[in-house]
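Counting begins at 1 with the first residue of the sequence.
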Amino acid sequence: VQLQASGGGLAQAGDSLRLSCAASGRFSSNWHMGWFRQAPGKEREFVAAFRWTDGSTFHADSVKGRFTISRDNAKITVHLQMNSLKPEDTAVYYCAAGSVKYMHLKREYDYWGQGTQVTVSS
């Protein structure tokens with residue numbers, strides 16, 4: 001399985017960006033697809049996840065109400081709509097996929113994309 005992330009870039013506080021993650025290969029409909037982020041000097045942290053079986057979505061408390069994960073029904077792609085961006089959202093964002101039990105744990109995911117940089121200035 002290959003994951004291709006796109007959509008990062010530069011933004012100002014309050015702006016919006018949308019990230020996309022396209023999966024190819026032997027993707028299973030039982031899987032989750034998720035987004036994590038890693039700021040300089042910090043651990044990679046959970047942002048959001050999408051459960052492919054029933055469309056359930058999950059968001060970290062730090063992004064609830066501002067970020068939304070969704071699926072592209074025509075393709076094996078998830079999007080992360082990021083609104084009301086803050087400087088503390090600056091990080092490299094990684095998409096991930098796999099058969100997970102605890103979706104907020106990065107060790108649960110088997111496949112990772114290459115990461116896309118999001119930089120938010122104040």
Side-chain angles (χ1 to χ4, degrees):
V1 175
Q2 292 79 44
L3 302 176
Q4 181 69 45
S6 62
L10 300 174
Q12 292 189 326
D15 283 353
S16 298
L17 286 174
R18 190 173 86 151
L19 306 183
S20 298
C21 178
S24 59
R26 297 190 67 178
F27 185 86
S28 171
S29 60
N30 293 324
W31 287 3
H32 287 72
M33 286 185 74
W35 287 97
F36 288 75
R37 66 186 182 186
Q38 187 166 18
K42 294 188 176 181
E43 293 287 322
R44 191 172 299 188
E45 65 175 6
F46 172 75
V47 175
F50 186 97
R51 185 160 61 200
W52 216 262
T53 52
D54 61 5
S56 296
T57 60
F58 309 89
H59 299 81
D61 288 343
S62 59
V63 305
K64 276 182 182 176
R66 301 188 299 120
F67 292 11
T68 303
I69 190 170
S70 64
R71 173 176 65 186
D72 186 322
N73 288 326
K75 297 174 282 188
I76 307 174
T77 299
V78 291
H79 304 292
L80 184 68
Q81 179 66 41
M82 305 186 295
N83 298 330
S84 302
L85 283 163
K86 303 176 181 180
E88 51 263 45
D89 295 320
T90 295
V92 177
Y93 283 70
Y94 297 90
C95 62
S99 177
V100 308
K101 184 176 182 181
Y102 302 105
M103 67 192 73
H104 63 289
L105 297 178
K106 54 184 181 292
R107 67 172 181 260
E108 294 272 318
Y109 292 81
D110 299 309
Y111 303 97
W112 290 85
Q114 81 285 8
T116 184
Q117 177 71 47
V118 171
T119 303
V120 185
S121 61
S122 58

>> For a side-chain contact (heavy atoms from CB on, under 4.5 Å) check, start with the C-alpha distance between Leu19 and Val118, then their side-chain angles and the critical distance, and finish with the verdict.
In response: CA-CA 9 Å; Leu19 306 183; Val118 171; 4.1 Å; yes
>> Pair Thr119, Gln117 - check side chain to side chain donor-acceptor pair (under 3.5 Å), show working.
In response: CA-CA 6 Å; Thr119 303; Gln117 177 71 47; 3.3 Å; yes
>> Is there a side chain to side chain donor-acceptor pair (under 3.5 Å) between Asn30 and Ser99? Walk through the geometry before answering.
In response: CA-CA 7 Å; Asn30 293 324; Ser99 177; over 6 Å; no
>> I'd like to know whether Lys64 forms a salt bridge (Lys or Arg N to Asp or Glu O under 4.0 Å) with Asp61, so could you lay out the CA-CA distance, the side-chain angles of the two residues, the decisive distance to 0.1 Å, and finally the verdict.
In response: CA-CA 5 Å; Lys64 276 182 182 176; Asp61 288 343; 3.3 Å; yes
>> One pair to check against side-chain contact (heavy atoms from CB on, under 4.5 Å): Glu45 and His104. What are the steps and the verdict?
In response: CA-CA 8 Å; Glu45 65 175 6; His104 63 289; over 6 Å; no
>> Before you tell me yes or no, could you show the steps for Phe67 and Asn83 under side-chain contact (heavy atoms from CB on, under 4.5 Å), namely the whole-Å CA-CA distance, both residues' side-chain angles and the distance that decides it to 0.1 Å?
In response: CA-CA 6 Å; Phe67 292 11; Asn83 298 330; 6.0 Å; no
> Yes or no on side chain to side chain donor-acceptor pair (under 3.5 Å) for His79 and Ser20, after CA distance, side-chain angles and deciding distance?
Replying inline: CA-CA 4 Å; His79 304 292; Ser20 298; 2.8 Å; yes
> Given the rule in the side-chain contact (heavy atoms from CB on, under 4.5 Å) test, do Gln114 and Gln4 qualify, once you have shown the distances and angles that lead to the verdict?
Replying inline: CA-CA 7 Å; Gln114 81 285 8; Gln4 181 69 45; 3.1 Å; yes
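Geometrically, Arg37 does not engage Tyr94 in a cation-pi contact defined by less than 6.0 Å to the ring centre and at most 45° from the axis.
The two residues Met103 and Val100 make their nearest non-hydrogen contact at CA-CG2, 3.9 Å. Heavy-atom minimum distance, Gly8 versus Thr116: N-OG1, 3.1 Å. Contact record, Leu3 with Ala23: CD2-CB, 3.5 Å, taken as the closest heavy-atom pair. Taking all atoms of both residues into account, the shortest heavy-atom contact from Ala48 to Leu80 is CB-CD1, 4.1 Å. Here the shortest heavy-atom pairing between Ala13 and Ser122 reads CB-CA, 4.3 Å. Shown here for Leu85 and Arg66, the closest heavy-atom pair between the two residues is CA-NH1, 3.9 Å.
Between Arg51 and Asp54, at least one side-chain N (NZ, or NE/NH1/NH2) sits under 4.0 Å from a carboxylate O, which counts as a salt bridge. Using a cutoff of 4.0 Å between basic side-chain nitrogens and carboxylate oxygens, Lys101 and Glu108 are not scored as salt-bridged.
Within the structure, disulfide bond (SG atoms under 2.5 Å apart) contacts touching residues 75-119 (residues at least two apart or in different chains) are Cys21-Cys95. Applying the ring pair (Phe, Tyr, Trp, His ring centres under 6.0 Å) test to every pair with at least one member in residues 2-42, sequence neighbours left out, gives these pairs: Phe27-Trp31, Phe27-Trp52, Trp31-Tyr111, Phe36-Phe46, Phe36-Tyr109, Phe36-Trp112.
To the nearest 0.5 angstrom, Leu17 atom CG is 8.5 Å from Gln81 atom CD.
Transitive grouping of hydrophobic side chains (ILVMFWY, heavy atoms separated by less than 4.5 Å) brings Ile69 and Tyr93 into a common cluster.
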